[in-house]
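See below for the structure under consideration.
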Amino acid sequence: MTELLLKYFRTKQREAETEKLYDTQCPFCSMQCKMRLIEQSVVTRKTYRAVGRDNPTSQGRLCVKGLNAHQHAFHPDRVKYPLLKVDGEFKRISWEEALEIIKQKLGKIQSDYGTDAMSVYGGGSLTNEAAYLLGKFARVGLKTKYIDYNGRFCMSSAASAANQTFGIDRGLTNSLPEISGAQCIILVGTNIAECQPTMLPYFEQAKENGSHIIVIDPRETATAKMADLHIKVKPGADAALANGLLKMLIEENCLDKPFMENRTNGFDEVKAHLSSITMEEIEERTGVPIAQIRKAALMFGKANTGMIFTARGVEQQTDGYKAVRNFLNILLITGKVGRPSCGYGAVTGQGNGQGGREHGLKADQLPGYRSIENLEHRRHTASVWGIPEQELPRKGVSAYEMIEKIDTGEIKGMLLMGSNPIVSNPNADFVKQAFQKLEFLVTADMFISETAKLADLILPVTSYLENEGTMTNLEGRVMLRQASRPRPDEAKHDWEVLCEIASLIGRGQFFSFSSAEEIFNELRVASRGGAADYYGITYERLREGTGIFWPCPDLNHPGTERLFENSFHRKDQKAEMIPVSNDAEVPKEIPNQDYPLLLTTGRVMSHYLTGVQTRRSPVLAARNFESFMEIHPKAAQRYGIEDQSLIKIESKRGSIIVRSRWTEEIREDTVFVPFHWAEGQNVNKLISDDLDPACRMPGFKLCSVRVESV
Ligand SMILES: Nc1nc2c(c(=O)[nH]1)N[C@H]1C(S)=C(S)[C@@H](COP(=O)(O)OP(=O)(O)OC[C@H]3O[C@@H](n4cnc5c(=O)[nH]c(N)nc54)[C@H](O)[C@@H]3O)O[C@H]1N2
Ligand SMILES: Nc1nc2c(c(=O)[nH]1)N[C@H]1C(S)=C(S)[C@@H](COP(=O)(O)OP(=O)(O)OC[C@H]3O[C@@H](n4cnc5c(=O)[nH]c(N)nc54)[C@H](O)[C@@H]3O)O[C@H]1N2
Ligand code: SF4
Ligand SMILES: [Mo]
């Protein structure tokens with residue numbers, strides 16, 4: 001080619017190449033890493049690359065899920081038009097038709113059976129604006145008491161425990177950088193290395209500063225590998241283990257007496273209760289040697305600063321609430337809260353799991369963490385919403401209990417926004433059958449999830465690339481997710497969908513919003529004076545800065561990075577300790593002749609929750625394309641299970657078939673299966689529907705099973 005021709009082609013190519021930049025936040029976990037998607041077009045071909053953006057939380061890091069998130073957003077399976085099921089098949093219809101059907105069906109169900117026959121089920125991926133509006137939509141639009149969300153399965157134990165102990169529930173009581181200054185850190189049932197990977201460097205930094213890390217987990221996870229002490233506890237025995245730690249702390253006199261005197265109640269009761277339990281009983285219950293419990297207690301008790309983090313391993317139990325309270329007892333008797341590098345963290349799960357429960361997705365909560373059963377709180381919310389207090393419904397029931405009400409026929413219709421309940425609920429076979437009984441199921445999703453397959457109508461919604469709004473990360477930092485990419489075809493924002501339905505059913509005057517910012521401004525007022533006070537946070541402040549920690553009661557308030565420095569948020573300003581027994585009120589399944597192994601469940605790095613999004617991302621799917629069961633080789637040999645072979649796992653409720661994976665990193669009496677797969681690999685077919693009496697959390701982390709090769 002001549003020089004001239006080369007030059008010609010080069011200029012042509014340059015002309016055809018364009019680059020577009022979209023700033024947003026990762027759609028997955030509670031770290032809410034800031035990112036930029038770079039879209040390069042060369043002639044007609046587009047390529048995408050995600051890069052991290054600097055900010056105080058993730059400091060520019062992204063994990064493999066964030067790096068590949070756009071692959072699901074651009075997947076051809078994305079729902080782009082309203083879809084109506086006709087003769088068992090989904091057919092494209094117009095928004096006008098979709099809204100007309102909703103109007104008719106809602107009207108019929110509510111006039112035939114009453115307003116509570118319609119229900120609402122939300123999710124922790126929704127922005128604060130969508131979550132707030134969905135809560136308002138249920139109570140003011142549909143006038144139903146039946147609303148709950150998937151965060152019930154996620155944070156409800158820790159949230160109840162923190163509320164009862166401290167009077168406030170915010171994921172972390174301190175900001176992330178304080179972790180690196182903690183001299184001892186206890187991680188209970190949390191696998192940060194796989195579940196919040198960009199948080200891990202804070203712990204690595206702590207280790208470099210000489211911190212000791214204790215990990216409590218039945219498996220030697222990637223997180224446990226960084227521990228100075230790994231306690232391989234028996235699944236479900238955390239409450240007993242905490243009792244052991246408390247006994248040792250008292251015996252070794254590692255107590256902060258002035259702190260307890262001035263700032264807590266309940267130590268005498270806890271101490272008296274502990275004297276009725278022996279260390280031998282605890283060793284037996286937990287499978288952890290007494291010497292190891294003493295070592296851990298001394299590590300934590302002798303350190304000047306320390307933090308405790310809990311996540312779903314300890315929380316998703318039928319005594320999750322009490323077990324967490326027992327770890328908070330440890331924090332309180334050692335006076336390790338409300339100071340630099342001293343505090344508690346319930347490691348939040350979903351991107352906006354935190355904001356969702358603060359603004360009314362939970363059956364008993366109103367915006368700003370107000371209570372729907374408290375008259376003063378009801379009056380405040382009703383006045384912001386412009387309705388008489390008497391019109392505000394009372395509390396409904398938890399997520400799984402709504403499903404039970406579908407089964408018994410009390411609930412006839414559901415609006416589902418941002419969850420895949422037939423995969424994520426316990427006792428999954430029952431849940432699927434119940435959903436099939438609904439007279440009308442409408443779901444707003446980006447994909448035809450396993451649950452959406454059962455819907456009458458699917459409404460297409462926008463993704464993290466297109467939908468602007470605020471998210472509250474695990475620290476309690478409110479962040480503005482900018483999202484400017486044009487929406488695909490006919491997808492609408494979640495909040496737009498709600499406003500349109502409301503207007504259609506004659507409640508439009510309460511939902512006349514034209515932007516996320518307008519909704520946020522109402523949310524600010526609704527939250528004002530509540531525990532989760534967002535009043536001082538504005539879009540303008542968020543655009544200028546790096547996020548603001550709630551509570552932030554006025555426009556000049558900088559936000560509250562560290563909670564409880566001077567007082568707790570209870571009436572007498574003191575934190576409350578309570579005695580916790582070794583065993584749950586709801587008896588847990590124990591291994592027996594028929595079901596000799598303990599099953600626990602959880603996550604892997606490359607997949608997210610029920611996998612609706614990550615199973616559609618080729619790079620992520622390739623890392624783990626099917627489910628598996630971790631089993632210790634000795635247990636495997638006992639039950640004739642070869643490595644990498646197909647096996648059937650069975651509990652009282654159902655069975656699944658997955659591939660075995662031998663590993664010495666798990667306890668011999670325990671097997672582990674992740675929950676990111678559906679249908680025949682859905683581990684929730686095996687899980688019992690026993691709920692924690694205090695917070696209605698299912699025991700996702702424990703049931704007894706048998707295994708056999710197929
Ligand atoms: N890659 C990835 N990251 C995620 C998610 C995801 O799906 N994938 N989901 C997000 C969400 S919503 C959540 S809630 C968080 C969850 O984050 P985590 O709670 O950290 O994740 P899990 O794997 O469910 O459980 C954590 C650990 O608990 C252990 N465990 C099981 N039973 C017990 C027990 O009885 N006691 C103790 N002490 N430990 C036990 C398991 O072995 C597991 O390693 O992650 C968030 N981040
Ligand atoms: N066995 C077992 N079961 C568990 C757990 C466990 O550890 N073990 N963990 C529990 C926990 S902690 C959680 S959080 C739940 C989660 O379980 P689910 O609530 O079922 O969560 P996802 O699988 O994320 O489903 C979310 C759905 O919402 C859609 N979606 C995503 N973003 C948006 C959005 O912005 N708007 C709308 N309208 N839709 C959106 C997705 O496409 C997907 O279909 O599972 C629980 N179930
Ligand atoms: S999944 Fe979590 S840690 Fe990974 S990039 Fe997304 S927000 Fe960050
Ligand atoms: Mo979660």
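Along the sequence shown, residues are numbered consecutively beginning with 1. Values reported hereafter were calculated over all heavy atoms of this structure, with side chains retained and with hydrogens, waters and symmetry mates removed. Indexing begins at 1, ligand by ligand and atom by atom, following the structure's order. Remember, predicted model here, so these are calculated numbers, not experimental data.
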Looking only at protein heavy atoms, which one is nearest to [atom], and what is the separation?
| atom | result |
| --- | --- |
| atom 4 (Fe) of ligand 3 | Cys63 SG, 2.3 Å |
| atom 3 (S) of ligand 3 | Thr198 OG1, 3.3 Å |
| atom 27 (C) of ligand 1 | Asp217 OD2, 3.3 Å |
| atom 8 (Fe) of ligand 3 | Cys33 SG, 2.3 Å |

Is it true that [X] lies under 4.0 Å from ligand 1, counting heavy atoms only?
| X | answer |
| --- | --- |
| Met155 | no |
| Gln317 | yes |
| Lys65 | yes |
| Val604 | yes |

message: Can you tell me which portion of Gln32 lies within the under-4.0 Å heavy-atom range of ligand 3? Options are side chain, backbone, both, or neither.
response: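 Looking at Gln32 and ligand 3, just backbone atoms fall under 4.0 Å.
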field: Winner among Gly236, Pro218, Gly353 once heavy atoms are compared against atom 35 (O) of ligand 1
entry: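 Checking each option, the heavy atom nearest atom 35 (O) of ligand 1 is found in Gly236.
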message: Quick test of your reading of the structure: of Lys232, Met199, Arg603, whose heavy atom lies closest to atom 5 (C) of ligand 1?
response: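 Closest candidate by heavy-atom distance is Arg603.
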field: Verdict with reasoning, Gln482 to Glu468, per side chain to side chain donor-acceptor pair (under 3.5 Å)
entry: CA-CA 5 Å; Gln482 298 140 305; Glu468 181 188 57; over 6 Å; no
- request: Check for a donor-acceptor pair, side chain of Thr223 on one end and backbone N or O of Ile192 on the other, with a separation under 3.5 Å.
  value: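 Checked: pair present.
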query: Hey, is the main chain of Ser704 close enough, under 3.5 Å, to the side chain of Glu589 for a donor-acceptor pair?
result: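 Answer holds: yes.
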Over 60° means perpendicular and under 30° means parallel, so classify the ring planes of [Y] and [X], tilted if in between.
| X | Y | answer |
| --- | --- | --- |
| Trp677 | His607 | perpendicular |
| Phe153 | Phe700 | perpendicular |
| Phe447 | His72 | tilted |
| His70 | Tyr48 | tilted |

field: Flag if over 12 foreign heavy atoms under 6.0 Å of CZ, Arg659
entry: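 Enclosed: over 12 neighbouring heavy atoms sit under 6.0 Å from CZ of Arg659.
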With nothing but distance in play, are any N or O atoms of [X] less than 3.5 Å from an N or O of ligand 1?
| X | result |
| --- | --- |
| Leu609 | yes |
| Thr600 | yes |
| Ala237 | no |
| Asp238 | yes |
| Lys701 | yes |
| Gly349 | no |
| Lys234 | no |
| Cys29 | no |
| Tyr608 | no |
| His607 | yes |

message: Nearest 0.5 Å, please: how far is NZ in Lys362 from CZ in Arg152?
response: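 Answer rounded to 0.5 Å: 5.0 Å.
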task: Verify the ring-centre separation between Trp662 and His632: is it less than 6.0 angstrom?
output: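 That pair fails the under 6.0 Å test.
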query: For Pro197, is the nearest heavy atom under 4.0 Å from an atom of ligand 3?
result: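 Right, Pro197 reaches ligand 3.
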message: Restricting to non-hydrogen atoms, name the atom on Gly349 and the atom on Tyr608 that form the minimum distance, rounded to 0.1 Å.
response: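 In terms of heavy atoms, the two residues are closest at O-OH, 4.4 Å.
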field: Side chain, backbone, both or neither: the part of Met605 lying under 4.0 Å from ligand 1 by heavy atom
entry: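 Only the backbone of Met605 comes within reach of ligand 1.
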message: Which residue is it: Glu194, Glu665, Glu668, Glu630? I am looking for the one with a salt bridge (Lys or Arg N to Asp or Glu O under 4.0 Å) to Arg219.
response: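 Only one of Glu194, Glu665, Glu668, Glu630 forms a salt bridge (Lys or Arg N to Asp or Glu O under 4.0 Å) with Arg219, namely Glu630.
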Partner residues of Glu220 under the salt bridge (charged side-chain N to carboxylate O under 4.0 Å, His left out) criterion, sequence neighbours left out: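 Once residues adjacent in sequence are excluded, Glu220 has no partner under the salt bridge (charged side-chain N to carboxylate O under 4.0 Å, His left out) criterion.
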task: Number the atoms of ligand 3 from 1 as they appear, then name those within less than 4.0 Å of a heavy atom of Phe28, with their elements.
output: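 Those atoms are 1 (S).
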- request: Scan side-chain atoms only and decide if Lys701 and Gln317 contain a donor-acceptor pair under the 3.5 Å cut-off.
  value: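 Result is no, nothing qualifies.
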- request: Assess Cys26: does it contribute an N, O or S atom lying under 2.8 Å from atom 6 (Fe) of ligand 3?
  value: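 Checking atom 6 (Fe) of ligand 3 against Cys26, an N, O or S atom does fall under 2.8 Å.
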Metal proximity, Cys29 vs atom 8 (Fe) of ligand 3, N/O/S cut-off 2.8 Å: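 Looking at Cys29, which is the residue asked about, there is no N, O or S atom under 2.8 Å from atom 8 (Fe) of ligand 3.
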query: Within a strict 4.5 Å, meaning less than it, do heavy atoms of the Arg661 and Ile631 side chains meet?
result: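 Counting from C-beta outward, Arg661 and Ile631 never come under 4.5 Å.
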